[in-house]
Amino acid sequence: MCNVIIIGAGPAGLTAAYELSKDKQYNVIVLEEFEDVGGISRTIKYKQNRMDIGGHRFFSKDETIMNFWKEIMPLQGEKAIDDKVLGRTAELVKDGPDPEKEDNVMLIRHRISRIYYARKFFDYPIEIKLETFKNMGLKKTLQAGCSYLKSSIFKRKEESLEDFYINRFGKVLYQMFFEKYTEKVWGRHPSQISPDWGKQRAKGLSIATILKDMLYKVLKIKNNKNAETSLIERFWYPKYGPGQLWERLAEISEQNGVTIKRGYKVQKIIKENGKIKSAVCLHNGNEEEFIGDIFISSMPLKDLVENIEKEKVPEEILDIASYLPYRDFITIGILVDKLKIKNETTIKTLGNIVPDCWIYVQEPDVKVGRIQIFNNWSPYLVEKPEKTVWMGLEYFCNENDELWNMSEQEFKNMAIEELKKIEILDNTVNIEDAHMEKIKKAYPAYFDTYANIDELIKYLNGIENLYCIGRNGQHRYNNMDHAMLTAIEAVKDIKEDRKDKSNIWKVNTEKEYHEVKK
């Protein structure tokens, strides 16, 4: 029996555990720091409402992942949702389980996200239509057009994320819709961030692809397979949030013989004779050691390397890992009776609220970066979706900075004042409740020692029985599907006893794919 220790019960760790559980020659133990599984994809239950940390669309261009999700949680009928309705269920389910009657079901949801800039809504990604030009004004529209033409002819050498965006949208649109938001997210100006982030998260997105998308719509040949990920119009979503699917996957894995240790924080990695011998965890104040033959890690690379003991890590490798940058994250749920902003779209919603899943806040005079409307992700996240609006305000920060150190009451007061300042709420609103969550190392960043990450990867790949997977496990800002694919590739390598791990690190390096999320 081969003992496999998996560090982290997020999408990558649970996927690896599930795949290994199909083969009875592996004894699998998963070590998870928190009581809930799912990592940053977990769902927080607060009283009778639920919060999705960051917003997670279940969509992939990889059929393996789409089938994986559907295998774990059945999909509601394809005809269950009307194109112009965002309610609980638009019509009788014909081809799948009815979410009104069953809990373990994946909903089909509309993708609606807009940019909020100068107290006006703009489609995200920007659509070239009359309303956009009206909101921008004639002068700004002409400036944006000329700027885009200039960027199309005189391409910049892409040495920064700023160069990446200007090459695809022109300087004017970049300054309007990317510059300040990106700076909020990362705490750095885009001119100081590697273009790798854009290449990974927005590879195919540009004015040209937006025009192509519009043509596909006119010709009625658009679908999720030929659309850029930022331009997809539908996605799947578990009835009670993403954490529901990961809890279900954990349950199935445990039924298959996997042991999931919740509340076990890995604090030491013991390395002997060039291999990992064990992981030492802290649980209820006591240390517990787990010895294994194979180790799969989805913990942050910084923590992994810093925790290696007995065999010393080379100083230059330790320096690279220790200074890898991350961005921390705070989200605060605000429950209100109404919004000031009105639904002026053709989409029908419960309570006639705005139909957005996300609102990207480009306003420079507030700190909030993005607003989720949980009612629109799934009305089952909200106790009373017809009478209340449950929002999640997203703030990006660094651990122990001013935002991080605010009390929950201070944060709540600031968040509400910001919503009023940018006219999302007014003074007549009734604030019914609020809840704050802090997430460390939510987003691996692409600056500082990231430039030397290949040296770190080479060192880690040289540890024969160690496999690094997932977003933080590879220090790559991947979505769930790519995190899962790294796990699937790692399991293939383990089962086939392959020593070359390059296939795991090649996931999400193809030319086309990703959605700009943050």
Side-chain angles (χ1 to χ4, degrees), residues 5-18 21 28-58 68-69 72-73 103-106 237-256 258-267 279 281-285 288 290 296-300 303 326 328-333 372 374 377-378 380-383 390 392 394 399 408 433-443 469-473 478-480 483-484 487:
I5 307 297
I6 299 175
I7 303 173
L14 288 176
T15 299
Y18 175 72
S21 74
V28 182
I29 297 176
V30 181
L31 305 174
E32 170 53 46
E33 177 180 355
F34 300 103
E35 293 298 327
D36 296 326
V37 300
I40 196 175
S41 301
R42 66 187 182 274
T43 301
I44 303 298
K45 186 175 181 181
Y46 174 68
K47 296 181 180 178
Q48 299 306 311
N49 297 307
R50 291 174 170 83
M51 297 174 63
D52 182 351
I53 300 174
H56 294 85
R57 294 179 182 135
F58 286 73
F68 186 109
W69 285 328
I72 302 303
M73 190 167 288
D103 284 340
N104 286 321
V105 56
M106 193 88 82
Y237 195 80
K239 178 178 177 178
Y240 294 120
Q244 183 188 12
L245 184 136
W246 304 119
E247 288 286 356
R248 178 63 182 148
L249 183 59
E251 180 184 359
I252 295 170
S253 298
E254 287 177 313
Q255 290 170 357
N256 290 349
V258 172
T259 300
I260 300 178
K261 297 282 191 177
R262 302 181 188 225
Y264 282 73
K265 178 178 174 58
V266 174
Q267 59 177 19
C281 295
L282 189 66
H283 177 63
N284 291 335
E288 191 170 340
F290 294 86
I296 301 175
S297 174
S298 64
M299 70 189 298
D303 297 341
Y326 297 85
D328 303 303
F329 176 71
I330 300 173
T331 184
I332 183 163
Q372 288 191 78
F374 293 121
W377 286 89
S378 167
Y380 300 97
L381 296 179
V382 189
E383 182 184 14
W390 180 225
E394 300 178 3
E399 189 179 352
E408 184 160 353
D433 212 341
H435 177 69
M436 182 174 71
E437 290 284 334
K438 295 181 179 181
I439 311 297
K440 296 179 182 179
K441 294 185 177 68
Y443 309 118
I469 62 172
R471 174 184 281 193
N472 272 334
N478 285 333
N479 279 340
M480 289 184 298
M484 294 171 66

Q: Taking the side chain as every heavy atom from C-beta outward, state whether F290 and V266 have any pair of such atoms under 4.5 Å apart.
A: no
Q: Would D36 and K45 satisfy side-chain contact (heavy atoms from CB on, under 4.5 Å), going step by step from the backbone distance to the final call?
A: CA-CA 11 Å; D36 296 326; K45 186 175 181 181; over 6 Å; no
Q: Side chains of P242 and F58: closer than 4.5 Å at any heavy-atom pair?
A: yes
Q: I want to check something: taking the side chain as every heavy atom from C-beta on, are W390 and Q372 in contact at a cut-off of under 4.5 Å?
A: no
Q: Look at E247 together with R262 and state whether they make a salt bridge at an N to O cut-off of under 4.0 Å.
A: yes
Q: Restricting to ring-ring contact (aromatic ring centres under 6.0 Å, His included), what partner residues turn up for Y46, sequence neighbours left out?
A: H435
Q: Are I330 and D328 packed together at the side-chain level, in the sense that at least one heavy-atom pair is separated by less than 4.5 angstrom?
A: no
Q: State, yes or no, whether a side-chain contact exists between F374 and N49 at a heavy-atom distance under 4.5 Å.
A: no
Q: What I'd like to find out is whether the side chain of M73 reaches to under 4.5 Å of the side chain of L249, using heavy atoms alone.
A: no
Q: Walk me through whether L245 and M106 qualify under side-chain contact (heavy atoms from CB on, under 4.5 Å).
A: CA-CA 9 Å; L245 184 136; M106 193 88 82; 3.4 Å; yes
Q: What is the minimum heavy-atom distance between S253 and L14, and which atoms define it?
A: OG-O, 4.3 Å
Q: Name all residues meeting the side-chain hydrogen bond (donor to acceptor under 3.5 Å, both in side chains) criterion together with N256; count only those two or more places apart in sequence or in a different chain, and write none if there are none.
A: S21
Q: So do the side chains of F329 and E394 get within less than 4.5 Å of each other, counting heavy atoms only?
A: yes
Q: Does T43 reach the main-chain N or O of M51 with its side chain, forming a donor-acceptor pair under 3.5 Å?
A: no
Q: Could you list the residues that satisfy side-chain hydrogen bond (donor to acceptor under 3.5 Å, both in side chains) with E251, not counting sequence neighbours?
A: R248
Q: Write down the atom of L282, the atom of G285, and the distance for their closest heavy-atom approach.
A: CD1-C, 3.8 Å
Q: What pairs with F68 under ring-ring contact (aromatic ring centres under 6.0 Å, His included), at least two apart in sequence or on another chain?
A: Y18
Q: If we only count heavy atoms from C-beta on, is the D103 to K239 side-chain gap below 4.5 Å?
A: yes
Q: Please enumerate all residues that pass side-chain hydrogen bond (donor to acceptor under 3.5 Å, both in side chains) together with S41, with sequence neighbours excluded.
A: H56
Q: The criterion is ring-ring contact (aromatic ring centres under 6.0 Å, His included); which residues satisfy it with Y237, sequence neighbours excluded?
A: W377
Q: Check step by step if side-chain contact (heavy atoms from CB on, under 4.5 Å) holds for Y443 and I40.
A: CA-CA 10 Å; Y443 309 118; I40 196 175; 4.2 Å; yes
